[in-house]
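We name chains A, B, ... by the order of the sequence lines, and we start the count at 1 in each one. Note that these values count all heavy atoms, side chains included, but never hydrogens, waters or copies made by symmetry. Remember, predicted model here, so these are calculated numbers, not experimental data.
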Amino acid sequence: MAVEKRGAEAVVLIEDGRVVKTRVKKSYRVDELDERLRRERTRAEAKLMSDARKLGIPTPIIYDVGRFDLVMETIHGTPLKDVIDEDGARKAGVLVGKLHSGGIIHGDLTTSNMLVKGDRIYLIDFGLSFWDEMLESRGVDVHVFYQTLISSHHDHEKLMSAFAEGYRSSFKGADEVLERVKEIEYRGRYKTEAP
Amino acid sequence: MRCERVLGIEGTAWSLSAAIVGWDRVYAEASAPYIPETGGIHPMAAAQHHSNHIGEVIRKVLDSGVEFDGVAFSQGPGLGPCLRTVATAARALALAYDVPLMGVNHCVAHIEVGRWQTGCRDPVTLYVSGANSQVLAFRAGKYRIFGETLDIGIGNALDKFGRFLGLQHPGGPKIEALAKEGRHYIHLPYVVKGMDFSFSGLMSAAKEAAASHPKEDVCYSLQENAFAMLVEVTERAMAHTGKDECLIAGGVGANMRLQQMLDEMCRARGARFYAPPRKYFGDNGSMIAYTGLLQLKHGMVLKVEDSAVNPNFRPDEVDIPWL
């Protein structure tokens, strides 16, 4: 059975054996720019996913890269959101640490974009990802993840410290980033959920 | 306590404007904008201009004879010297008339005047002016910033490019006119990182392109590129928050191409786009007065000793109890 999900920039068709993510045309921008962006982003997303995989992060296998669409493996897993515990949060921290030490920012780290299958956690949806080594970008990435913990899990404090423990174990620059996360919280800038 | 009308004064940068506003209308408004003869806005020159003209601007609205129940002023963000000039006048007025004093956040005022004028309720706002470029939406009691510029505001970027082409300040409207004559899109950098955008690299590339392409084409490509970045982040914020109203605010909002793009984006997702009447895009006293009225109603008043200006005042520092 196929399920269709619509985001701001893409339509994702989830079938049994494969996922097709198509970046849709935006009529508000000129054709040259629209096509360039959709083409470049589709390619970049495929590259970011395979780079993440090389860093040891489970991501769906890419079967095909079209002009504006990606065909990839369907991960039959459970969103971390539904099964999270301290161990899961620690594992998520290890993954994000690996990703950041490899110079990748995920851009949309939520417990819905992490799928648990067996003892592995798959990271999905690299649609907002980019290559960056700036402290601020890494801090925002972790902050966004913390926000989803705070908004949807009552024992978020334990989960946050478990995540930080995992993050420190796989990323040398972790302490500096976690300091920045506190500063970002204090600024209130990215606070999108009730405190 | 009566809460029918407020006298508001705006003076964060180039604009110096005072108004008396009630719940359903603007009773009086007077303005004396600072227009640099050459180059961009010089903070001290702008403050000097404001202090020379603030007396006559306030006199004009007082001469309307309309009574007011409080005095509001633009407390920030803005240029320190300009803010202090306006705050001093506002304190003096509040003391002389023995009415409450309200410090208004300039960004919040742009949103509130837009909501007031268009009738939209709970929009995602694209606020684009000289110094500011932000995507905001109400959540958990405040207007949160969902995305913003990492370097310069879109208005400043356009003005700088305008000066580079030898156009007089402000360059935005002149670039808009030139862009209408543009025919060929030139490849320029498109920088959206997560929910944020950056314009400085785009500006440098546009300057380089101007050496080998007609200026009409460069202006056209520059607008298409920069506005697409803003519209994209606005759409993401709408998808993320699930809101189906979009409001444009700030001086650059008067650009018809930007409005057209936002409108098209909204239509495609079944949302509604709102633009206030043209006079409310630029900084104006009415927006400060109207927001001051909301604050007065909700007891958000300042003692004179607590009314220091805040050049880096962020909109998400302000409680919004009225939404």
Side-chain angles (χ1 to χ4, degrees), chain A residues 5-11 23-41 44 104-110 112 126-134 136-145 147-148 150-151 184-195, chain B residues 134 137-148 150 182 184-196 220-221 223-241 257-270 273 312 314-318:
Chain A
K5 287 187 181 173
R6 249 168 203 281
E9 70 164 341
V11 174
R23 284 190 157 73
V24 292
K25 181 178 169 58
K26 295 291 174 185
S27 62
Y28 65 79
R29 54 195 180 202
V30 288
D31 288 345
E32 295 100 313
L33 177 61
D34 183 68
E35 290 190 10
R36 182 184 114 208
L37 289 175
R38 290 192 290 145
R39 204 175 54 236
E40 284 178 1
R41 287 177 179 180
I104 295 176
I105 302 299
H106 183 273
D108 193 16
L109 283 178
T110 65
S112 309
F126 284 70
L128 293 180
S129 306
F130 51 98
W131 287 278
D132 195 346
E133 302 199 334
M134 269 165 56
E136 176 75 8
S137 305
R138 288 168 170 163
V140 170
D141 224 17
V142 173
H143 178 71
V144 167
F145 186 74
Q147 289 302 115
T148 65
I150 292 168
S151 64
I184 293 167
E185 264 157 31
Y186 179 73
R187 268 188 252 155
R189 163 170 173 192
Y190 285 92
K191 252 181 208 165
T192 54
E193 299 294 340
Chain B
Q134 294 172 329
F138 179 80
R139 196 144 180 188
K142 288 174 178 173
Y143 289 120
R144 311 284 174 173
I145 299 164
F146 281 78
E148 67 182 324
L150 294 166
H184 302 286
Y185 175 77
I186 305 158
H187 179 114
L188 293 170
Y190 183 99
V191 188
V192 171
K193 274 189 179 182
M195 291 291 278
D196 295 324
Y220 166 70
S221 308
Q223 277 198 21
E224 289 301 320
N225 232 76
F227 295 169
M229 288 157 57
L230 295 168
V231 176
E232 175 170 31
V233 173
T234 306
E235 182 172 21
R236 276 193 199 157
M238 292 176 80
H240 182 72
T241 57
R257 176 58 186 146
L258 178 56
Q259 288 192 25
Q260 186 191 21
M261 287 166 81
L262 285 166
D263 188 42
E264 218 161 312
M265 177 272 283
C266 285
R267 270 169 211 259
R269 51 183 300 111
F273 171 65
N312 301 312
R314 292 179 67 83
D316 51 13
E317 292 172 43
V318 183

(request) Find the one option among A:Glu32, A:His106, A:Glu40 whose heavy-atom pairs under 4.5 Å with chain B are most numerous. (result) A:Glu32
(request) Give, as side chain, backbone, both or neither, the part of B:Ala268 having an atom under 4.5 angstrom from any heavy atom of chain A. (result) neither
(request) Decide yes or no on salt bridge (Lys or Arg N to Asp or Glu O under 4.0 Å) for A:Arg41 and B:Glu232, but give the supporting numbers first. (result) CA-CA 14 Å; A:Arg41 287 177 179 180; B:Glu232 175 170 31; 2.5 Å; yes
(message) Measuring from atom OH of B:Tyr190 to atom CG of A:Leu33, what distance do you get when rounded to the nearest 0.5 angstrom?
(response) 6.5 Å
(request) Quick one: pull up CZ in A:Arg36 and CG in B:Leu188 and give me the separation to the nearest 0.5 Å. (result) 7.5 Å
(request) Check each atom of A:Asp132 against the heavy atoms of chain B and say whether the ones under 4.5 Å are side chain, backbone, both or neither. (result) side chain
(message) Less than 4.5 Å to any heavy atom of chain A: does that hold for the side chain of B:Leu262, its backbone, both, or neither?
(response) neither
(message) For the CG atom of B:Leu150 and the OG atom of A:Ser137, what is their distance to the nearest 0.5 Å?
(response) 8.0 Å
(message) Need one label for B:Tyr220: side chain, backbone, both or neither, based on atoms under 4.5 Å from any heavy atom in chain A.
(response) side chain
(message) With chain A as the partner, which of B:Ser221, B:Ala228, B:Gly141 has the greatest number of non-hydrogen pairs under 4.5 Å?
(response) B:Ala228
(request) Using non-hydrogen atoms and a 4.5 Å limit, figure out which bit of B:Asp263 sits close to chain A: side chain, backbone, both or neither. (result) neither
(message) At a 4.5 Å cut-off on heavy atoms, which part of A:Arg6 comes close to chain B: side chain, backbone, both, or neither?
(response) neither
(request) Could you look at A:Leu37 and say if it's the side chain, the backbone, both or neither that has a heavy atom under 4.5 Å from chain B? (result) side chain
(request) Answer yes or no: does atom NZ of A:Lys25 have more than 12 heavy-atom neighbours from other residues, nucleotides or ligands under 6.0 Å? (result) yes
(message) To the nearest 0.5 Å, what is the distance between NZ on A:Lys26 and CZ on B:Arg269?
(response) 7.0 Å
